[in-house]
Amino acid sequence: MFSLVAHIPANANWAPNGVTVAGGNGCGNAANQLFWPGGLFVDNNQTVVTADFANHRIMQWRKCDATNGQVVAGGNGKGNGLNQLNHPTDVLFDKKTNSLIICDWGNHRIVRWSRRRDTAQGEVLIDNIYCWGLAMDERRNLYVTDWEKQQVSRHRFGEQTGTVVAGGHGKCSGLNQFSNPTYLFVDRHHSVYVSDKENHRVMKWTKGATEGIVVAGGKCGGCALSQLNCPQGLLVDAWGTVYVADSGNHRVMRWTQKDKTQGTVVVGGKGAGTLANQLNVPFGLSFDQHDNLYVVDNNNHRLQRFSLEKHC
């Protein structure tokens with residue numbers, strides 16, 4: 001689902017303590033559990049949908065019931081059948097077809113599942129792609145990070161063959177290269193932002209560019225405010241402010257365009273742990289329509305919501 005993040009003020013703050021809205025009951029495959037969740041989205045009803053990586057399923061958690069989730073894709077064991085998934089990493093919502101688009105990482109494919117209740121299996125949209133992250137623009141073009149080719153490709157909806165829009169020059173640290181790109185974000189100008197995991201940076205590729213620019217991190221992996229450590233989930237607001245899950249540092253950071261030399265910690269940053277103000281390897285990020293921040297707390301097997309603090 002293509003949607004711009006609201007015009008969030010650069011000095012906006014979120015409550016330091018998160019509220020668990022899904023999982024948080026240890027790793028497992030029960031309806032109230034997750035096992036290494038990955039990407040997520042939040043719809044207008046504040047229903048949370050996440051890729052439940054190690055359970056090979058996509059889970060949905062409604063706002064009115066944070067106790068138990070529902071399996072909305074997969075959940076039939078690890079496999080490559082049309083009713084199965086294999087370590088899904090990301091999921092997005094295609095409003096036009098009321099369906100989920102899923103990065104089925106372990107099967108090297110992208111699949112679509114209808115959100116209708118009677119849906120028993122999905123269909124393959126793109127095959128033979130070592131995908132990790134997904135994004136969609138307002139024209140319903142799909143953007144995919146590819147670990148095998150170290151690139152981002154853009155696919156017209158329903159077309160197997162894509163166009164390289166970032167990377168594709170081998171695995172290294174050049175400005176035209178990636179080292180295992182993970183999640184991504186596409187803005188209204190079709191600029192592509194990519195978490196370049198093993199280069200510990202976030203890259204921005206404007207439309208038609210032959211190389212990217214560093215918009216967060218890029219100073220080797222570390223815990224200083226000028227550094228990232230294995231970035232994952234990624235959001236960009238209408239001002240171009242970058243929000244990134246700094247997974248190795250157990251925090252979410254904000255990098256404004258006024259100061260690209262360092263970021264600020266938005267939530268977490270208290271060391272790896274299970275307390276309400278802690279994270280343990282954050283992955284996916286999402287905002288809801290009220291600008292509350294949702295964080296996939298991967299190693300705690302839970303999803304946390306941090307409320308936007310209102311100021312008079």
Side-chain angles (χ1 to χ4, degrees), residues 1-3 21-23 29-35 37-66 68-129 131-145 153-162 183-184 186 284 286 288-289 294 296 303:
M1 179 173 59
F2 176 79
S3 60
V21 296
N29 61 6
N32 67 344
Q33 292 179 304
L34 296 167
F35 198 163
L40 83 161
F41 72 84
V42 183
D43 69 16
N44 290 338
N45 296 318
Q46 290 183 290
T47 296
V48 180
V49 180
T50 188
D52 192 7
F53 180 82
N55 283 323
H56 316 292
R57 65 188 184 182
I58 305 298
M59 292 293 288
Q60 171 179 282
W61 300 70
R62 298 186 184 278
K63 181 184 177 181
C64 59
D65 184 7
N68 292 306
Q70 299 172 301
V71 179
V72 291
N76 296 300
K78 175 184 175 182
N80 61 6
L82 291 179
N83 68 336
Q84 294 176 302
L85 299 170
N86 182 352
H87 293 104
T89 55
D90 204 5
V91 58
L92 58 79
F93 175 47
D94 178 24
K95 185 175 182 181
K96 184 173 182 179
T97 60
N98 189 31
S99 59
L100 304 175
I101 311 299
I102 302 163
C103 177
D104 191 9
W105 179 75
N107 284 322
H108 298 181
R109 66 187 184 184
I110 296 169
V111 296
R112 174 169 63 183
W113 283 62
S114 171
R115 292 189 83 183
R116 297 195 310 266
R117 290 186 178 182
D118 60 347
T119 300
Q121 66 181 37
E123 60 176 320
V124 178
L125 294 180
I126 304 171
D127 209 350
N128 298 315
I129 186 167
C131 58
W132 187 272
L134 294 172
M136 182 183 286
D137 67 21
E138 82 286 358
R139 298 174 184 171
R140 298 179 66 240
N141 294 310
L142 280 175
Y143 296 74
V144 188
T145 55
S153 55
R154 180 184 66 235
H155 299 253
R156 291 186 178 182
F157 204 90
E159 292 188 358
Q160 173 79 21
T161 303
Y183 296 100
L184 72 163
V186 179
S286 185
D288 65 18
Q289 60 183 337
Y294 292 71
V296 173
L303 307 185

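Quick caveat: nothing in here was measured; it's all calculated off a predicted structure. Heavy atoms only: backbone and side chains are in, while hydrogens, waters and symmetry mates are out.
Annotation: the span from H155 atom NE2 to T161 atom OG1 amounts to 8.0 Å, rounded to 0.5 Å. Summarising the geometry, atom CZ belonging to R112 is positioned 9.5 Å from atom CG belonging to L142; distances are rounded to the nearest 0.5 Å. Rounding to the nearest 0.5 Å gives a distance of 12.5 Å between CD of E123 and CD1 of I110. Taking CD1 of I126 as the reference point, atom CG of D104 lies at 12.5 Å (rounded to 0.5 Å). A distance of 7.5 Å separates CH2 of W61 from CG of L303, quoted to the nearest 0.5 Å.
Residues F41 and V48 form no side-chain contact, since every pair of their non-hydrogen atoms from C-beta on lies 4.5 Å or further apart. Residues L40 and V49 are not in side-chain contact: their nearest non-hydrogen atoms beyond the backbone lie 4.5 Å or more apart. Using a 4.5 Å heavy-atom threshold, the side chains of T50 and L34 count as touching. Taking 4.5 Å as the limit, every side-chain heavy atom of V111 sits out of range of all side-chain heavy atoms of L125. The shortest side-chain heavy-atom distance between T97 and S114 does not fall under the 4.5 Å cut-off. Counting heavy atoms from C-beta outward, F35 and Q33 have side chains that stay 4.5 Å or more apart. Side-chain contact between L100 and I58: present, with at least one pair of heavy atoms (C-beta onward) separated by less than 4.5 Å. Taking 4.5 Å as the limit, some side-chain heavy atom of L184 sits within range of a side-chain heavy atom of Y143.
If you check the side chains of R115 and Q60, you find a donor sitting under 3.5 Å from an acceptor.
Side chain of D94 to backbone of N98: no donor-acceptor contact under 3.5 angstrom is found. Listed for the D90 side chain is a donor-acceptor partner under 3.5 Å among the backbone atoms of L134. Using modelled atom types, one side-chain atom of Q160 and one backbone atom of D127 make a donor-acceptor pair closer than 3.5 Å. In this structure, the side chain of Q289 engages the main chain of N44 through a donor-acceptor pair within 3.5 Å. Side chain of T89 to main chain of G38: no donor-acceptor pair is present (N/O by atom type, distance under 3.5 Å, no hydrogens or angles). Proximity of a side-chain donor or acceptor of D43 to a complementary backbone N or O of N45 within less than 3.5 Å is detected. Between the E159 side chain and the R156 main chain, no donor and acceptor come within less than 3.5 Å of each other. One N or O on the side chain of H56 and one on the backbone of H87 form a donor-acceptor pair closer than 3.5 Å.
In terms of heavy atoms, P37 sits closest to V296 at O-CG1, 3.3 Å. Taking each heavy atom of A51 and P88 in turn, the nearest pair found is CB-O, 3.7 Å. Between V91 and G39 the shortest heavy-atom distance is CG1-O, 4.1 Å.
Contact check on D52 versus R57 returns a salt bridge, with a Lys/Arg side-chain nitrogen under 4.0 Å from an Asp/Glu carboxylate oxygen. Salt-bridge annotation for R116 and D118: present, with a side-chain N of the basic residue lying under 4.0 Å from a carboxylate O of the acidic one.
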Applying side chain to side chain contact (heavy atoms under 4.5 Å, CB included) to M59 and Q70, what does each step give before you reach the verdict? CA-CA 6 Å; M59 292 293 288; Q70 299 172 301; 5.8 Å; no

Can you check side chain to side chain contact (heavy atoms under 4.5 Å, CB included) on F157 and M136, steps first, answer last? CA-CA 9 Å; F157 204 90; M136 182 183 286; 3.8 Å; yes

Show the numbers, then the answer: is there a side chain to side chain contact (heavy atoms under 4.5 Å, CB included) between V72 and W113? CA-CA 8 Å; V72 291; W113 283 62; over 6 Å; no

Does the side chain to side chain contact (heavy atoms under 4.5 Å, CB included) test come out yes or no for R62 and Q46, once each step is laid out? CA-CA 7 Å; R62 298 186 184 278; Q46 290 183 290; over 6 Å; no

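Below 30°, between 30° and 60°, or above 60°: for F53 and W105 the angle between ring planes is between 30° and 60°, a tilted geometry.
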Side-chain donor-acceptor pairs under 3.5 Å in residues 73-85, sequence neighbours left out?
residue, atom, partner, partner atom, Å
N76, ND2, G74, O, 3.4
N76, ND2, N83, O, 2.6
Q84, OE1, G81, N, 3.1
Q84, NE2, N76, O, 3.1

